[in-house]
Amino acid sequence: MHNKSWIKYVIGLLICIIIRRFVPMPIPNIEPIMFTMMPFAKKYGKMAGFIFAFSAIIAIDFITGIVGIWTADTSITYGAIGIFAAQYLYQKKNKTKYYVGFAILGTLAYDAITGIGMGTLLFGQTLQFTILGQIPFTIYHLIGNLSFAALFSGLIYKFIVANPKLDTDVVYDKIKTKFSHRI
């Protein structure tokens, strides 16, 4: 994570938390992490992709009160997806097709690891039962991630991640200037 971008990370995490916590979703497994993480991974690289996704899962689970054994698995897995997002999006233009392309790959990988892995290893379900249950879950997850990636990832990149006006030093200077006049 870059020192001059921590305010952007906070904004990105707040987007994830607010959407997950306060926006009612009509179908299950619609979540904001993938479409928000990809622009950060694209701009700042592998470590940023990992830290953003890892932190978002932990923050959301903590704030929504659903921390459990799955939190470790899902946060590490999403962090790894963030690393791969950085590799996939590296030197690609800020285009919807790249975000949608990675959202497909990332969602399928994430659901295979967490859904099938947790179903069979953590919860003792049979592989057949787990896969049958995972199919509709993954379809919903794909619908959400593809839709959100198409609509918002490019905008998050343009207006938040690549916006020099949101660099930490710029924001700090504005705040300092505003409050120094009041003294």
Side-chain angles (χ1 to χ4, degrees), residues 1-20 25 27-61 70-119 131 134-164 166-167:
M1 193 159 79
H2 301 3
N3 287 337
K4 65 186 255 179
S5 63
W6 73 267
I7 288 178
K8 296 174 185 183
Y9 280 82
V10 170
I11 292 169
L13 288 173
L14 286 173
I15 289 169
C16 290
I17 291 165
I18 289 167
I19 290 173
R20 181 62 175 90
M25 294 296 165
I27 57 177
N29 208 28
I30 304 297
E31 50 83 14
I33 298 170
M34 181 75 71
F35 81 86
T36 310
M37 171 272 295
M38 290 187 293
F40 284 90
K42 175 182 175 24
K43 173 78 172 171
Y44 299 115
K46 295 176 189 176
M47 187 58 71
F50 181 88
I51 290 170
F52 187 90
F54 181 86
S55 301
I57 289 281
I58 290 174
I60 289 169
D61 281 8
W70 50 84
T71 303
D73 180 49
T74 57
S75 62
I76 291 168
T77 303
Y78 233 133
I81 298 297
I83 291 170
F84 291 115
Q87 288 179 308
Y88 179 86
L89 295 167
Y90 179 70
Q91 294 189 337
K92 286 185 170 57
K93 292 183 178 183
N94 185 39
K95 299 275 186 187
T96 299
K97 66 181 180 179
Y98 299 123
Y99 292 119
V100 168
F102 185 79
I104 293 168
L105 299 173
T107 302
L108 292 174
Y110 177 81
D111 282 6
I113 294 166
T114 60
I116 295 171
M118 287 196 320
I131 291 172
Q134 188 64 39
I135 291 170
F137 191 78
T138 298
I139 290 170
Y140 292 142
H141 205 184
L142 281 167
I143 290 168
N145 282 348
L146 297 178
S147 299
F148 284 146
L151 294 170
F152 300 118
S153 291
L155 296 173
I156 288 173
Y157 185 87
K158 180 178 179 180
F159 292 109
I160 297 172
V161 175
N163 184 349
L166 292 177
D167 286 347

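None of the values given here were measured: they were computed from a predicted structure.
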Asks: So which heavy atom on T107 is nearest to which on A103, and how close?
Replies: OG1-O, 2.6 Å

Asks: What residue among I19, I60, N145 forms side chain to side chain contact (heavy atoms under 4.5 Å, CB included) with E31?
Replies: N145

Asks: For the residue pair K8 and F40, what are the closest heavy atoms and their distance?
Replies: O-CZ, 3.1 Å

Asks: Please round to the nearest 0.5 Å and tell me the distance separating atom CG of D111 and atom CE of M118.
Replies: 9.5 Å

Asks: Got L108 and L142 here, is their nearest side-chain heavy-atom distance under 4.5 Å?
Replies: yes

Asks: Heavy atoms, side chains only, cut-off 4.5 Å: are M34 and F148 in contact?
Replies: no

Asks: Quick one: do D61 and W70 satisfy side-chain contact (heavy atoms from CB on, under 4.5 Å)? Show the steps, please.
Replies: CA-CA 10 Å; D61 281 8; W70 50 84; 3.9 Å; yes

Asks: With heavy-atom distances below 4.5 Å as the criterion, would you say the side chains of P39 and I160 are in contact?
Replies: no

Asks: Taking the six-membered ring for Trp, are F54 and F50 parallel (under 30°), tilted (30 to 60°) or perpendicular (over 60°)?
Replies: parallel

Asks: Let me confirm one number: the NZ-CD distance from K42 to Q87, rounded to the nearest 0.5 Å.
Replies: 14.0 Å

Asks: Is K158 reaching over with its side chain to a backbone N or O of N94, donor-acceptor style, under 3.5 angstrom?
Replies: no

Asks: Are any of the side-chain heavy atoms of M38 and I156 separated by less than 4.5 Å?
Replies: no

Asks: Minimum heavy-atom separation for C16 and P32, please, with both atom names.
Replies: O-CG, 3.3 Å

Asks: Using every non-hydrogen atom in the two residues, find where G49 and A41 come nearest and quote the distance to one decimal.
Replies: CA-CB, 3.7 Å

Asks: Verify the neighbour count for atom NZ of K92: are there more than 12 heavy atoms of other residues, nucleotides or ligands below 6.0 Å?
Replies: yes

Asks: Within the structure provided, determine whether I33 and R20 are in side-chain contact (heavy-atom separation under 4.5 Å).
Replies: no

Asks: Could you tell me whether the side chain of Y44 and the main chain of V161 form a donor-acceptor pair under 3.5 Å?
Replies: yes

Asks: Could you please spell out the steps behind the side-chain contact (heavy atoms from CB on, under 4.5 Å) verdict for H141 and Y110?
Replies: CA-CA 10 Å; H141 205 184; Y110 177 81; 3.6 Å; yes

Asks: Q134 and G115: which non-hydrogen atoms are nearest, and at how many Å?
Replies: OE1-CA, 3.1 Å

Asks: Distance from I17 atom CD1 to T36 atom OG1, nearest 0.5 Å?
Replies: 10.5 Å

Asks: To the nearest 0.5 Å, tell me how far F52 CZ sits from I57 CD1.
Replies: 10.5 Å

Asks: Hey, does the side chain of S75 reach the backbone of A72 with a donor-acceptor pair shorter than 3.5 angstrom?
Replies: yes

Asks: If every non-hydrogen atom of P164 is compared with every non-hydrogen atom of A162, which pair is closest and at what distance?
Replies: CD-O, 3.1 Å

Asks: Would you say the ring centroid of Y99 lies under 6.0 angstrom from that of F35?
Replies: no

Asks: Taking side chain as C-beta onward, heavy atoms only, is F159 less than 4.5 Å from L166?
Replies: no

Asks: Rounded to the nearest 0.5 Å, what separation is found between the CD1 atom of I51 and the OH atom of Y9?
Replies: 6.5 Å

Asks: Could you measure the distance from the CD1 atom of I58 to the CD1 atom of I76? Nearest 0.5 Å is fine.
Replies: 8.0 Å

Asks: Can you classify the ring geometry of F102 versus Y88 as parallel (below 30°), tilted (30 to 60°) or perpendicular (above 60°)?
Replies: tilted

